[in-house]
There are 2 protein chains.
Amino acid sequence: MTNLTLKQLRYFEALARQGHFGRAADACAISQPALSMQIKELEETLGTELFERGPRQVRLTHFGEAFALRVRDILRAVDELGDLARASQHRLVGRLRIGVIPTIAPYLLPAIIGNLTRMHEGLEIHVRETLTSKLVQELADGRLDTAIVALPVSEPSLTEVALFSENFVLVRPGEDEGKPVPNREALREMRLLLLEEGHCFRDQALSFCNMHSALPRELLDGSSLSTLVQMVSAGIGVTLLPEMALGVETRSASVSVAHFQSVQPSRTIGMIWRKTSPLAKQFLQISDVVRQSADAMRDHRT
Amino acid sequence: MTNLTLKQLRYFEALARQGHFGRAADACAISQPALSMQIKELEETLGTELFERGPRQVRLTHFGEAFALRVRDILRAVDELGDLARASQHRLVGRLRIGVIPTIAPYLLPAIIGNLTRMHEGLEIHVRETLTSKLVQELADGRLDTAIVALPVSEPSLTEVALFSENFVLVRPGEDEGKPVPNREALREMRLLLLEEGHCFRDQALSFCNMHSALPRELLDGSSLSTLVQMVSAGIGVTLLPEMALGVETRSASVSVAHFQSVQPSRTIGMIWRKTSPLAKQFLQISDVVRQSADAMRDHRT
DNA sequence: ATTTGTCATAAGTCCACCTTATCGCGGCAA
DNA sequence: TTGCCGCGATAAGGTGGACTTATGACAAAT
């Protein structure tokens, strides 16, 4: 025996409502025999009569009534599937698992989360803050949807879009205020405090100084940019900060901030996601939000 | 765009569960391209991607996950439809609206209801007690499922099956005990107490006496057999009772009961239902229950 | 008795769906 | 790199199911 179909249930519902084959067929935009056949097939599939066909009227049997109640629930649920799909066309819905590197997260996330939840009501945002390599791995595993990292990542399976660039600034103890800004060569002679191994920002800073990672002698590892700034404030050394961290980290510390003159060190921050992800359009939307958030922060700081 | 089908939802569920087109196709007992096409069609219908097709694995999108939850509910509900039908195959289920004439109801119903509820657990019995004409009308209107009345009813649209026959007995005041039993002609000279117009039992009694209904002079109307017996007990007249009523009505009344000698008046009690009713088989089942109940009563009384 | 209304059945057409065969592509090993 | 392999998408063709119109059957109404 054939399985039952949604079509049959729809026809059944129409006939139960109309109590008349002809009118029900009209309502379904089919011919009366087509409806008759489908109803008959449905009854055979169930092994029970659903309607009592009298010459005067077509009436539901008892079982038909019980059946109709459940069928209506089912049809409503099915129609809601369509609504659900339509609703999630333009609006990002459900859970968004976003990864962010530690040298970005504290400064950018508050604004991003605020804007996203405001624009996409009902969006549940999970944040993962860790190193780029782990983010990439978790992205590939499907444990993350997207991540905000420093470009380039150069993973062939990932799409990357640029969000913004930010310069690095030199942070020195407060008493160094006004001293000439060292160039890269001079910097190499100073005690440069950087994050521990694995942070991309560390590599970027080293790269700017033309140093290789195999020079641990002159480096002290700090666990966060905030810690580094505190150490600088204590006169232990100097460090580099991405511009975005300036507002938060140097506000209440006795340090002096200096911009480099000729060659501005910088990095590009971008968003990445699996090339296969069907949420690409939504991610582009989100990237706009992030870009705007970052711009707003920059404007507000200057 | 075509509507979505249960088949698509079933395929979708299999693919969501297996995460692999080939295995899901096997599970559905179809070829892999067939499943691919149906999934594609489903996604097009919804306007959204349900799966993220990576070279490594096939994963649900967020929307796909939300979708799967609802789909599973729907499929479960649909499968329950089949169970519901199968469960109500042989067992009478739901509501049974049964009509009974007043000269039967008080005596037969307790036993019937007891037996029916015992045999068909979960059966909800509604009883309607009124005159045959109204029962027939309500039956035709679909407000009753079946009725127990005196045959024949001779409605072409109704099926009738005999349940049992019962004789009428003469009920006289207690002091008439032992007096010769009058024949029909003698009965016509006595003060015969009968039910009001419309009761079939009244017509049956009159018919036995060869009287026509247009003889109100010698008749007094009582509202129930019980009332009639009380009036007889008070010496107001005599009446006829169906045998079935004997036990209940004459137990605590000072009346004498006499059986007629030669020509036993009687009536046939039967069950009726719409010819179009698909519950015919169940009604036959019920009629057996009723028959047994009546026999048990008769045996118990003698 | 004829007509009307209503549902079931018949016959034929067409499209949806399934099949097998093949392509395209990314991953993997020599 | 090059060829192989696994897997999903695509192509082409066949079959059955579902729809159509036309007609039958039956009861009710006139």
Side-chain angles (χ1 to χ4, degrees), chain A residues 1-12 14-16 18-45 49-61 64 140-142 155-159 274-278, chain B residues 1-12 14-16 18-45 49-61 64 137 140-141 155-159 274-278:
Chain A
M1 204 62 61
T2 70
N3 251 327
L4 31 77
T5 5
L6 275 184
K7 205 182 321 192
Q8 289 171 346
L9 296 187
R10 290 218 151 87
Y11 291 176
F12 163 79
L15 181 55
Q18 303 277 349
H20 187 283
F21 277 75
R23 280 189 288 279
D26 279 349
C28 297
I30 57 170
S31 67
Q32 170 263 315
L35 186 128
S36 282
M37 288 189 298
Q38 289 301 317
I39 295 294
K40 186 182 172 186
E41 174 105 13
L42 177 60
E43 287 177 326
E44 281 177 4
T45 302
E49 302 202 44
L50 291 168
F51 294 95
E52 183 179 329
R53 288 121 161 116
R56 196 111 218 93
Q57 56 193 330
V58 176
R59 215 194 338 260
L60 280 171
T61 61
D141 291 348
E155 274 289 325
S157 64
L158 297 181
T159 296
R274 287 184 299 279
K275 277 201 173 111
T276 56
S277 173
Chain B
M1 207 60 62
T2 70
N3 250 327
L4 34 77
T5 56
L6 275 184
K7 203 181 329 193
Q8 289 171 347
L9 297 187
R10 291 218 151 87
Y11 292 175
F12 163 78
L15 182 55
Q18 305 276 350
H20 187 284
F21 277 76
R23 280 190 287 279
D26 279 349
C28 297
I30 58 172
S31 65
Q32 171 262 316
L35 186 127
S36 281
M37 286 190 301
Q38 288 301 317
I39 295 295
K40 186 180 173 187
E41 173 106 15
L42 176 60
E43 288 177 326
E44 281 179 3
T45 303
E49 300 202 44
L50 292 167
F51 294 95
E52 182 179 330
R53 287 120 162 119
R56 198 112 215 94
Q57 55 193 330
V58 176
R59 213 194 341 257
L60 279 172
T61 62
Q137 183 58 53
D141 291 347
E155 276 287 328
S157 66
L158 297 182
T159 296
R274 288 186 298 279
K275 277 199 173 114
T276 56
S277 174

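Just so it is clear, the structure is predicted and the values come from calculations on it, not from any experiment. Note: hydrogens, waters and symmetry copies are ignored here, and every other heavy atom, side chains too, is used.
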Under the side-chain contact (heavy atoms from CB on, under 4.5 Å) test, residues paired with B:Gln137 that sit two or more places apart: B:Asp141
Without decimals, in angstroms, what is the distance between B:Met37 CE and D:dA12 P? 13 Å
With sequence neighbours left out, what residues match A:Ser36 under side-chain hydrogen bond (donor to acceptor under 3.5 Å, both in side chains)? A:Gln32
What side-chain donor-acceptor pairs closer than 3.5 Å can you find for residues 21-31 of chain B, not counting sequence neighbours?
none

Look at the side-chain N and O atoms of A:Tyr11 and state whether any lies under 4.0 Å from the OP1 or OP2 oxygen of D:dC19. yes
To the nearest angstrom, the CZ-P distance between A:Arg10 and D:dA18 comes to 16 Å
Tell me every residue that passes ring-ring contact (aromatic ring centres under 6.0 Å, His included) with B:Phe12, counting only those two or more places apart in sequence or in another chain. B:Phe51, B:Phe67
What residues in residues 24-36 of chain A put a non-hydrogen atom under 4.0 Å from any atom of DNA chain C? A:Gln32, A:Pro33, A:Ser36
For A:Thr276, give me all partners under side-chain hydrogen bond (donor to acceptor under 3.5 Å, both in side chains), at least two apart in sequence or on another chain. B:Glu52
D:dT10, OP1 or OP2 - any side-chain N/O from B:Lys40 closer than 4.0 Å? yes
side-chain hydrogen bond (donor to acceptor under 3.5 Å, both in side chains) against B:Arg59, all qualifying residues, sequence neighbours excluded: none
Reading nucleotides 24-30 of chain D 5' to 3', which nucleotides get B (base under 4.0 Å from a protein heavy atom), which S (sugar-phosphate only), which -? ---SSS-
How would you give the extent of chain B contacts on DNA chain C, as first and last nucleotide 5' to 3' within a 4.0 Å heavy-atom cut-off? C:dC17 to C:dC28
Rounded to whole Å, the CD-C1' distance (B:Gln18 to D:dG8) equals 16 Å
Quick check against the 3.5 Å criterion: does B:Gln18 have a side-chain atom that pairs as donor or acceptor with the backbone of B:Leu15? no
Less than 4.5 Å apart, any side-chain heavy atom of A:Leu158 and any of A:Lys275? no
Taking only N and O in the side chain of B:Arg53, is any of them less than 4.0 Å away from OP1 or OP2 of D:dC7? no
Among residues at least two apart in sequence or on other chains, which ones pass side-chain hydrogen bond (donor to acceptor under 3.5 Å, both in side chains) with A:Thr159? none
Rounded to whole Å, how long is the line connecting atom CD of A:Glu41 with atom P of D:dG17? 8 Å
Looking at NZ of A:Lys40 and CD of A:Glu43, how far apart are the two atoms once the value is rounded to the nearest 0.5 Å? 9.5 Å
Among all residues two or more places apart in sequence or in another chain, which pass the salt bridge (Lys or Arg N to Asp or Glu O under 4.0 Å) test with A:Glu49? none
